[in-house]
Number of protein chains: 2
Amino acid sequence: MGKNYLVILLLFIGAPLFAQQDSILIRKLYSETLQQDVMDINLKYLTSKIGARIAGSVQAKQTVEWAAGILAQFHPDSLYLQPVMVPHWVRGEQEFAGMISKGISASLDVCALGGSVGTNGTLTAQVVEVRSWNELSALDDSKVKGKIVFFNRAMDAREPETFNAYLSAVDQRSLGAIAASKKGAVGAMIRSLTLAKDDYPHTGALSYEEAVRKIPVAALSTNSADNLSKALKADPFLQVSLEMNCVQLPDELSYNVIAELKGHKYPQEIVSVGAHLDSWDLGEGASDDGTGIVQAMEVLRLFTKIGITPERTLRIILYMNEEAGAHGGKQYASQVREANEVHVAAIESDAGGFIPRGFRIEASPAVIAKVRGWSQLLVPYHAGDIRLQQRGVDLVPMKGIAKALLSLDCDDSRLFYIHHSALDTYDQVNPREVQLGAGAMAAMAFLFCKYGL
Amino acid sequence: MGKNYLVILLLFIGAPLFAQQDSILIRKLYSETLQQDVMDINLKYLTSKIGARIAGSVQAKQTVEWAAGILAQFHPDSLYLQPVMVPHWVRGEQEFAGMISKGISASLDVCALGGSVGTNGTLTAQVVEVRSWNELSALDDSKVKGKIVFFNRAMDAREPETFNAYLSAVDQRSLGAIAASKKGAVGAMIRSLTLAKDDYPHTGALSYEEAVRKIPVAALSTNSADNLSKALKADPFLQVSLEMNCVQLPDELSYNVIAELKGHKYPQEIVSVGAHLDSWDLGEGASDDGTGIVQAMEVLRLFTKIGITPERTLRIILYMNEEAGAHGGKQYASQVREANEVHVAAIESDAGGFIPRGFRIEASPAVIAKVRGWSQLLVPYHAGDIRLQQRGVDLVPMKGIAKALLSLDCDDSRLFYIHHSALDTYDQVNPREVQLGAGAMAAMAFLFCKYGL
């Protein structure tokens, strides 16, 4: 370690003393997290013993209890559950699709999108394939009425920024149900949002509109989407059968889990570090957002282990139900507003837990400049990039309340192979990448706690 | 794609026209590789149909034929095999270790280090554990004589740069055999070079010295190393049995595989892009260096697909036997020297095929400054870092011949979990990370071909 330690110190010769001290402390945070397997053990437990934990489920309840138990071990000054009502959607046992063309049938790999209504038995209909909104609107309603709209625009793999590739296609998932229903469709199917050609459907939230009839929507694996598209070219009149008995149950009481380390100088000023407890119901919710959960908890562990008594209050927030409406994030923000709390910064880790590049920020130009100054301290860890447009969904309700919103920015090359699918499992996670992310989160939280805004 | 394309263009408003043109061409290279699964298909074939391919093996021979076949499909101007004699070490069927303490025996997960002599039956001896060279030299020879030296220094996980963590422990693997033998040891065991705590031993090359008796050396999985260390504390006199019937066979004739695209302006000036064909005999050699092989081949495919007719000659070199002595790299360099060829730059991909950060370079300060200028074109792809100390082992013999040596620099967080072990398999590779690396290699090769040095 000696040599690199020296290099980092040398970087700050001529720099103010505080930067040297901060640099040393940040190195301590990294050293501690890089040599401990606490996060790995916790993530393994979460993913293997609890597993997927959609809001409202028994597993989500178990996750609340488990997370509170772990946080309690890390010596917070206070620890509490914040009640929040969450939707409770359940994927049914029956989830099946097949296509029948000229008497020959073939199965399709599907899963219901989160929040979808069921098919109420088997839905059988012809299919109309589109790749753009223009293509759909150009169709006469009579060509859509009574049919299933098949949204088959692929993510644009040519985008060097993988998230932009995701953005190039995610509108189909969020808005497809409404657009198809408005044209009289009885259902919709969406090409899965993944860069892989495989047999795994990827779920995710859809939107319905109050006045528009809710139709069932399924995601198709990319292989199934290609097969269906090919079959449609040969036989435009082929029929698809879809059966999904998913259902929306009554809302459930659940909780955000919150732990604090009281600020010794400005206890009323809060710096929050968070992640979301819930996941989709496929896979194990390892990357989304198991890694974020253990990273947020790790920040508390690192502070108490290193012996940091923060100037401002460090608050760890584990939000319930990010995936289906950010109810936990909204509830938290409304409580902050009601109590008139001063929120310096809100940080979230919900980008997969892969190689951290830095942070995405939403703040005033002056604050961004200040954070960019601090971020030089993270350059030795390849985590010094401060880019615009924070991406923490749970932080959106804090806009206008917290002076700075920051989401951990991770390389997302791997994320969109596993995202929201059965492939989001523990074995896809690299412990060291998670550690490097926790180091960056702890360092940024430390700087906000020390210097405020 | 449109939006980002524009952003990249805007970056170069006011920049010289050549930079704008280069930026557009580099974007084409990336777009082409990001949307094609050629590399993925080839890597899958290599790892599943051929698999591990240690120098001298049947699989190495198959790899030469396969690679030449693939390169031929990418329309090179010439394609040839360059003969090279390589060592042929074979791991035996028997590879076993156990410890016996107070009548109770427990097995240990081991593998022979590459090039190790066998044990000639079962070797049973007491064990002396050390963690540093000082510790070993402080021991009286009588404490080592007739024993197995157990080198148990772990990689220093606290190093934020994972490669530095590797460097903090790899000396035990390279030099342990000599040091232990000089003290009279009959064998040595090395804690595997991995950040994981698991049951997989990691192999790699050892060194012997002419005048020092060759003793057998095995790598222990980290779990086994911990178990042995613990058991030694309870019983310093416990015995370890080691049986390995690995053997060094006579050298074999093998080949570097070389393909060229002739420079239309300065055909005598060469820019090479390479990787190594051989792998260790555990796992599938997917990351080391299957990804490098398909990336180097992809550079040729991209040039011909995009329609680049390079000013200088692009030469793809797939080297044989990097792992056990870089015989292919040495042979290539000696041929270049003999033919008095002008080598502008030699580039290699042998860093695992993970997220590319840029390149590591060895060149004159003026050349480094020039390459740093070019590297701005790779910043939009997060591949703009130019750091010192190139790491391509096959390039070392080209020092003093090529004006610039560059190795693709990848994030190595994941590498040292799988490196040289049974875990180096296709499923650990992310196709998009490999694509982004190929894009960076093609861009850098293009710039060297266009501008020279």
Side-chain angles (χ1 to χ4, degrees), chain A residues 1-5 7-8 26-37 40-41 154-162 164-165 167-168 195-197 354-357 378-383 385 410-418 427-437 439-440, chain B residues 1-5 7-8 26-37 40-41 154-162 164-165 167-168 195-197 354-357 378-383 385 410-418 427-437 439-440:
Chain A
M1 191 173 74
K3 210 178 71 183
N4 258 46
Y5 203 65
V7 169
I8 293 168
I26 288 170
R27 177 66 189 237
K28 276 189 196 164
L29 292 167
Y30 271 94
S31 290
E32 171 60 23
T33 193
L34 284 170
Q35 69 181 313
Q36 295 296 340
D37 50 9
D40 190 41
I41 290 167
M155 281 173 64
D156 187 348
R158 294 169 301 176
E159 283 286 354
E161 292 280 350
T162 314
N164 289 339
L167 292 182
S168 74
L195 289 166
K197 291 268 177 68
F354 299 102
I355 284 292
R357 296 195 179 278
L378 293 178
V379 169
Y381 309 97
H382 302 289
D385 281 4
C410 297
D411 184 87
D412 48 15
S413 297
R414 287 178 184 253
L415 182 60
F416 293 103
Y417 287 81
I418 62 175
D427 62 305
Q428 299 292 315
V429 174
N430 176 267
R432 195 166 168 89
E433 295 182 349
V434 179
Q435 289 166 332
L436 290 166
Chain B
M1 185 174 76
K3 211 177 68 181
N4 258 45
Y5 202 66
V7 168
I8 292 168
I26 288 170
R27 177 65 191 236
K28 275 190 195 164
L29 291 169
Y30 271 94
S31 290
E32 170 61 22
T33 193
L34 284 170
Q35 70 182 310
Q36 295 296 338
D37 50 10
D40 190 40
I41 290 166
M155 282 172 64
D156 187 349
R158 294 169 301 175
E159 282 286 355
E161 292 280 351
T162 313
N164 290 339
L167 292 183
S168 74
L195 288 166
K197 291 266 177 68
F354 299 103
I355 284 294
R357 296 195 179 279
L378 294 177
V379 169
Y381 310 96
H382 302 289
D385 281 3
C410 296
D411 184 87
D412 47 16
S413 298
R414 285 177 184 254
L415 182 59
F416 294 103
Y417 286 83
I418 61 175
D427 61 306
Q428 298 294 314
V429 174
N430 177 267
R432 194 163 168 89
E433 294 182 348
V434 179
Q435 289 166 332
L436 289 167

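Residue numbers start from 1 in every chain, and the chains themselves are labelled A, B, ... in the order their sequence lines are given, proteins ahead of strands. All values below were derived from every heavy atom in this structure, side-chain atoms included, with hydrogens, water molecules and symmetry-related copies excluded.
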- Contacts of type side-chain contact (heavy atoms from CB on, under 4.5 Å), residue B:A196, not counting sequence neighbours: B:T194, B:D198, B:Y417
- Between atom CD of A:E433 and atom CZ of B:R414, what is the distance when rounded to the nearest 0.5 Å? 4.0 Å
- Message: Among A:Q428, A:Q35, A:Q435, A:H382, which residue has the highest count of heavy-atom pairs closer than 4.5 Å to chain B?
- Response: A:H382
- Message: Which atoms of B:T162 are under 4.5 Å from chain A, going by heavy atoms: the side chain, the backbone, both sets, or neither?
- Response: both
- Pairs of heavy atoms under 4.5 Å with chain A: top-ranked of B:L34, B:D37, B:T33: B:L34
- Rounded to the nearest 0.5 angstrom, the CG-CZ distance for B:N164 and B:R158 is 13.0 Å
- How far apart are the closest heavy atoms of B:P356 and B:G437, and which atoms are they? CG-N, 3.6 Å
- Note: vs chain B, highest number of non-hydrogen pairs under 4.5 angstrom among A:L436, A:D427, A:D411 is A:D411
- Item | Winner by heavy-atom pair count (cut-off under 4.5 Å) against chain A, out of B:A165, B:S168, B:A157, B:G439 | B:A157
- Item | A:F416 portion near chain B, given a 4.5 angstrom heavy-atom threshold | neither
- Query: Taking only residues two or more places apart in sequence or in another chain, which ones pass salt bridge (Lys or Arg N to Asp or Glu O under 4.0 Å) with A:E32?
  - Reply: A:R301, A:K305
